[in-house]
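Some notes on the structure that comes next.
Because only heavy atoms are used, hydrogens play no part in the values below, and waters and symmetry mates are left out as well, while side chains stay in. Just so it is clear: chains get the letters A, B, ... in the order the sequence lines come, proteins before strands, and each one is counted from 1.
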Amino acid sequence: MSIDQMDISTQLCGIRLKNPTILASGILGLSSALLERIAGCGAGAATIKSVTAVERKGHNNPTVIAYEAGMLNAVGYSNAGSVAAQEEFAEVRSIPLPVFGSVVGQTPDEFATAAERLMKCGFDALEIPLSCPHTPGYGTLAGHGTPEATERIARAVCAVTDKPVFVKLSPNVPAIGELALAALEGGAGGVTAVNSMGPGMLIDIEAARPVLDFGFGGVSGPALRPVALRCVYDVYKALRNAGRKAPIIGVGGVSSGEHAMQMIMAGASAVGIGTAVYQRGVSVFSEISNELKHIGKRLNIAHLEDMIGAAND
Amino acid sequence: MSIDQMDISTQLCGIRLKNPTILASGILGLSSALLERIAGCGAGAATIKSVTAVERKGHNNPTVIAYEAGMLNAVGYSNAGSVAAQEEFAEVRSIPLPVFGSVVGQTPDEFATAAERLMKCGFDALEIPLSCPHTPGYGTLAGHGTPEATERIARAVCAVTDKPVFVKLSPNVPAIGELALAALEGGAGGVTAVNSMGPGMLIDIEAARPVLDFGFGGVSGPALRPVALRCVYDVYKALRNAGRKAPIIGVGGVSSGEHAMQMIMAGASAVGIGTAVYQRGVSVFSEISNELKHIGKRLNIAHLEDMIGAAND
Amino acid sequence: MIERENNTSAEQFNTLPPSCPVMAPLVEKKQETPRMLSLLFEIPDVNQPSFLPFNNRPGQFVMVWIPGMNEKPFVISYLSRAGFGITVMVRGDFSRRLAELKEGQKVGFRGPFGRGFSQYNEIPRERIAMVGGGCGMAPLSLLAESLPGASLIQGAPSEKDILYLDRFPNQIVFTEDGSCGMEGLPTDWLKGYVASDFDMIYTCGPEPMMKSILQICRKNNISCQVALERYMKCGIGVCGQCECDGYLVCKDGPVFSDSELLNMPSFGNKKRDAAGQSVSISSQASSKTSCKTN
Amino acid sequence: MIERENNTSAEQFNTLPPSCPVMAPLVEKKQETPRMLSLLFEIPDVNQPSFLPFNNRPGQFVMVWIPGMNEKPFVISYLSRAGFGITVMVRGDFSRRLAELKEGQKVGFRGPFGRGFSQYNEIPRERIAMVGGGCGMAPLSLLAESLPGASLIQGAPSEKDILYLDRFPNQIVFTEDGSCGMEGLPTDWLKGYVASDFDMIYTCGPEPMMKSILQICRKNNISCQVALERYMKCGIGVCGQCECDGYLVCKDGPVFSDSELLNMPSFGNKKRDAAGQSVSISSQASSKTSCKTN
Ligand SMILES: Cc1cc2nc3c(=O)[nH]c(=O)nc-3n(C[C@H](O)[C@H](O)[C@H](O)COP(=O)(O)OP(=O)(O)OC[C@H]3O[C@@H](n4cnc5c(N)ncnc54)[C@H](O)[C@@H]3O)c2cc1C
Ligand SMILES: Cc1cc2nc3c(=O)[nH]c(=O)nc-3n(C[C@H](O)[C@H](O)[C@H](O)COP(=O)(O)OP(=O)(O)OC[C@H]3O[C@@H](n4cnc5c(N)ncnc54)[C@H](O)[C@@H]3O)c2cc1C
Ligand SMILES: Cc1cc2nc3c(=O)[nH]c(=O)nc-3n(C[C@H](O)[C@H](O)[C@H](O)COP(=O)(O)O)c2cc1C
Ligand SMILES: Cc1cc2nc3c(=O)[nH]c(=O)nc-3n(C[C@H](O)[C@H](O)[C@H](O)COP(=O)(O)O)c2cc1C
Ligand code: FES
Ligand code: FES
């Protein structure tokens, strides 16, 4: 089998991706021009940075800090707001890859307001993170990580768009499978697992204070990978046990073809790539695709999609 | 200031440690002979591997696997049981450093049974982990990570020993500060933060299955450090805000003097060392002490204890 | 059948270059102009991979952290075994706090980040010019030190605003009020007959000034490299905040070449604020407009 | 005052040597004796730092993983560019499953771990002996290959139980029933006049046998190195499961020298089971007792 014989395409709620790599939300996806560039780097799809109904300045710097085992961020959802986003992404359909919108809010209504506005641009799907661990009023700091809140917010968002909605879950919850089921109950077409972990903190001993200006932030990258793999595994199992079929986007610490394959075997249909953009640069998308093809050749796998959930007994 | 001028001793509920490094539970602490060896390596104190009332075989191998950013373990509390432990550690008082016992159980009664037996050996203190993420019937898999369970188990254990009890908390909980307060409410003298994280999973793509035989395990080492630092920070703040004074043993990813100082500045009075024994060998204890003295010289710190909570505004 | 070639092992990408700030104490303050001062710091422990001042190439930047306040990008403007320095124009809260630092106080640094100026040995020194204005002189200062013989040209509102006069006594100075050097803007001078004297122009200063220089260069077939400023958050190519037409100023830049700038319609026109909102850049090419970001 | 010497940076210790198993396919099975067989595997991708067979030193061990079942320590007994092998004595569930593997099936490996035999160039080969019994021959086989000219001595119950006869035709064989080589135990022979012929004895086999060899060596002032077996979980010096009087067999051993063994009252007397419970080792020195762990 030659390396070009492996079919590494995959599908998410009817959206076909030429390969399973997806730019994760919050990394680079600030402008149409950057999405265009990511498309040129061979990504299978891209997600925009999360947008709130109105503009937010976010936290002060340092907002993103790397340490050897991972990255911590407390960006605090800085963004120009949904009106500006609508303008920024007005031409999103001309970008040659599937693009996921991403909106957050403090209440189901705020989610819906932002979603309704944003989806006029023509995004292929919409992701809603209910899982940010470091922005007061949002995500897990606002109690969005319960099955009830998950279902309620998913329902509010699904009411304003016909496009598939992916609920992005937190790894910092006792039973992530239940959240996934709640998301589907609310009308979501799939789930993204996971957002950043923790939160965590780094301390500078000379300044005798936390390095991130906000004090703590979400942990991503290698440190997160084992937890993310377990979360995807748990979600896949929970959906299967409940007899529900829905795709999972596995996110957390994926920085090589081998990691991507691990995620897929845990149950993911596609993989989000965030911190690895720091580790390997924007060429990471085509590199991972290439590595997947080599793995396919080595392990004699013809269709990547056949491997979804393969490690999930 | 010379490097020998810094006083790196610390105190935990009246127990004086010549330096803040403590062998964490589950690492090496299987026998008196190993504790003796650890004492010779310059540790400030040592904790035994957790003991259950009756013998347990634990999970099958692989039980401990390292990856670049951390370690995963699902040992499953293999141990010879509290009767054998009482024999093994009968001479614990002759070991020239403070030694912490460690017991776990499925119910408050089981905790108390094991604790009562073990504490006859003459341990200086007792640690009770309510936080193992990978052993059915124990820790977070048994719901021990709630304030109610924490208080109940702490109370049951404190009833059978006069020695200070440290409740070991999980990082995988929404509000660790509340657990710490519940532990003190139950009579604990201090808390240990934290146990391993997650759980997490590693997948072998050729075998198409999780590497740990149990499937998933607790994550420790560098991957855990930022989360552990934040947990210690949160516990310190919660205790201070509640007007309670109690020492915290900070555990998670400490493998250098700098990391130890970060933990102490977050609010720890001493630091547990687990995975770093794999990273640096048993000499890690004296090496960290030495590094702390150099930091003291560089930052002009005369007493390590003055730095406890220094980064906690 | 197992084959071994091209089998990328996962372990290669499991660790990250750290980017935590490293603290360095202020050892000297030097008022350079009424609104600009240089801060000189001791080189901290050189074992920390997240701050390696000696790796700095002119045009790169470091992130400067005032604990408990904020962290912003600056370029290293002094560098020797004895220490390193930055030159700060006081504009807002952050730069004011920097200016108020006392000797012995510590500030955090990480970097250097980004791509600096590219230098070409085949271009004779006398055919290279560096044109700066305001704190745009900072990155050019280290470049000028590494290119003795090249022309350093500075534009300033008035004599008192001129930077590094002692340091580069041979520099060509323009003041808008004629109080020192030639009267007028460096761009006017370049536009005239001298442009063809150069094969390469490096520039850093107010964006409208840099834009006219780019135009002059294109007209005269001169290579041009421009150091841009955009609002930065992460500084390491992750957050997207500094993007300019798909380029990341923190990683692909801050220095861009003439051919890249042609793909950047925002150059000289638009930048983003702290929230990522696109705002327009005032078009006045005067160096009065303090630092180039205005 | 900042000083720089001896300032250990935290970053040095932020990553770990990985220890995930690497899968390798079985390419050949070789029945060595009725109860022992060798399994030969293809060398997997050499880029994986958690399994580096070519780093193996005789006496070290690897962890062998049967996915979904268990993982246990074995020594590499064959090693060449073509592949590597282990020699398995069928004793319980795990070794039986290993013996039942089919060609092409994959098993996981990590290691090598621990400390192997120390070799001293100054000792003449003819004054070195290796004494093995049962699967204790496995670690000695690679040692013997690296020490041509040294004496390899094997004890077995009967002719059919003798290992590696083709591989080491010069070895000195003892059988308890006299069916091959000399009748009796190697220890009896050593105890007699030949002991003084050697300066160094390496041994691996049933622990009571190794204990008598140590005693013989002490009496005759011969250096001795002994490969121990203890129940292993992590294999990397973390869990404490393999401890023997404060030594970690997986990390400080499995090979120990005579002077270390003197500090080990458990040697030949006590070991720990899977739960860590201390149990006694039967004192019969016969090689009949299958593998040395009994
Ligand atoms: C690559 C680069 C190198 C720089 N080098 C220098 C230098 O050597 N000397 C110097 O004085 N200044 C330099 N700056 C500008 C500096 O980072 C600050 O922007 C400046 O000090 C103003 O901050 P402030 O808080 O005092 O003022 P504010 O009132 O907050 O801001 C004034 C203007 O500065 C810009 N700005 C503010 N924050 C940032 C930020 N985080 N990133 C980028 N721009 C920002 C905005 O456009 C704003 O309009 C550089 C900027 C960049 C991008
Ligand atoms: C350093 C070392 C090297 C070894 N090399 C070899 C070798 O080259 N060839 C070989 O056949 N065997 C070797 N062994 C023994 C091997 O690891 C297994 O113990 C053996 O295969 C029996 O396992 P089982 O499950 O088949 O039998 P079981 O019935 O489960 O066990 C039989 C005996 O083996 C021992 N044992 C079981 N599990 C372990 C374990 N995880 N770690 C250590 N001992 C255990 C116990 O003492 C037990 O009494 C080695 C052991 C060690 C410690
Ligand atoms: C700098 C940064 C900003 C992020 N911002 C967002 C965001 O706006 N919305 C969101 O859903 N996730 C956000 N995330 C989380 C990532 O999308 C992703 O879930 C997480 O980083 C784990 O993946 P990784 O390990 O590949 O980075 C952000 C992560 C980082 C590092
Ligand atoms: C192999 C292993 C076994 C462990 N066993 C126990 C245990 O029995 N009881 C316990 O309280 N914690 C146990 N832990 C958790 C450690 O004590 C410690 O809390 C955790 O590893 C984080 O610290 P570290 O990052 O320094 O390793 C174990 C950890 C490891 C790695
Ligand atoms: S500042 Fe974050 S990408 Fe440039
Ligand atoms: S087997 Fe775990 S320490 Fe040796």
Heavy-atom closest contact (Lys233(D) atom, His59(B) atom, distance): NZ-O, 3.6 Å
Greater than 12 external heavy atoms within 6.0 Å of Lys29(D)'s NZ: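 Enclosed.
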CD (Glu91(B)) with more than 12 external heavy atoms under 6.0 Å: no
Pairwise distance CD(Glu68(B)) to CG(Leu16(D)) - rounded to 0.5 angstrom: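 If we round to the nearest 0.5 Å, Glu68(B):CD and Leu16(D):CG are 8.0 Å apart.
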From CD (Glu87(B)) to OG (Ser278(D)), nearest 0.5 Å: 8.5 Å
Heavy-atom proximity to chain D below 4.5 Å, by part of [X]:
{"X": "Lys49(B)", "result": "side chain"}
{"X": "Leu202(B)", "result": "side chain"}
{"X": "Val211(B)", "result": "both"}
{"X": "Glu55(B)", "result": "side chain"}
{"X": "Thr275(B)", "result": "side chain"}

Side-chain ion pair, Arg37(B) and Asp252(D), N-O less than 4.0 Å: yes
Pair Glu88(B) + Arg272(D): basic N to acidic O under 4.0 Å: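 Here Glu88(B) pairs with Arg272(D) in a salt bridge, since their nearest N and O are under 4.0 Å apart.
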With a 4.5 Å limit on heavy-atom distance, are the side chains of [X] and [Y] in contact?
{"X": "Asn61(B)", "Y": "Trp65(D)", "answer": "no"}
{"X": "Gln241(D)", "Y": "Val75(B)", "answer": "no"}
{"X": "Leu34(B)", "Y": "Glu243(D)", "answer": "yes"}
{"X": "Val64(B)", "Y": "Ile236(D)", "answer": "yes"}

Passing option when Val238(D) is tested against Asn73(B), Ile27(B), Val277(B) for side-chain contact (heavy atoms from CB on, under 4.5 Å): Ile27(B)
side-chain contact (heavy atoms from CB on, under 4.5 Å) between Cys234(D) and Tyr278(B), worked out: CA-CA 11 Å; Cys234(D) 72; Tyr278(B) 172 61; over 6 Å; no
Ile65(B) vs Arg110(D), side-chain contact (heavy atoms from CB on, under 4.5 Å): CA-CA, chis, key distance, verdict: CA-CA 10 Å; Ile65(B) 289 288; Arg110(D) 56 193 179 102; 3.7 Å; yes
Test log, rule side-chain contact (heavy atoms from CB on, under 4.5 Å), inputs Leu248(D) and Leu28(B): CA-CA 9 Å; Leu248(D) 298 172; Leu28(B) 302 185; 3.6 Å; yes
Side chain / backbone / both / neither for Met63(D) at chain B, heavy atoms under 4.5 Å: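 Side chain only.
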Most chain D-contacting option - heavy-atom pairs closer than 4.5 Å, from Asn79(B), Leu299(B), Thr63(B):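 When all of Asn79(B), Leu299(B), Thr63(B) are compared, Asn79(B) has the most.
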Top contributor to chain D contacts, counting heavy-atom pairs under 4.5 Å, from Ala276(B), Gly70(B), Ala85(B), Ser32(B):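 Winner by heavy-atom pair count: Gly70(B).
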Test item: Tyr67(B) side-chain N/O and Pro17(D) main-chain N/O as donor-acceptor pair under 3.5 Å: no
Backbone of Asn60(B) reached by a side-chain donor or acceptor of Asn70(D) within 3.5 Å: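 Not confirmed, Asn70(D) side chain does not pair with Asn60(B) backbone.
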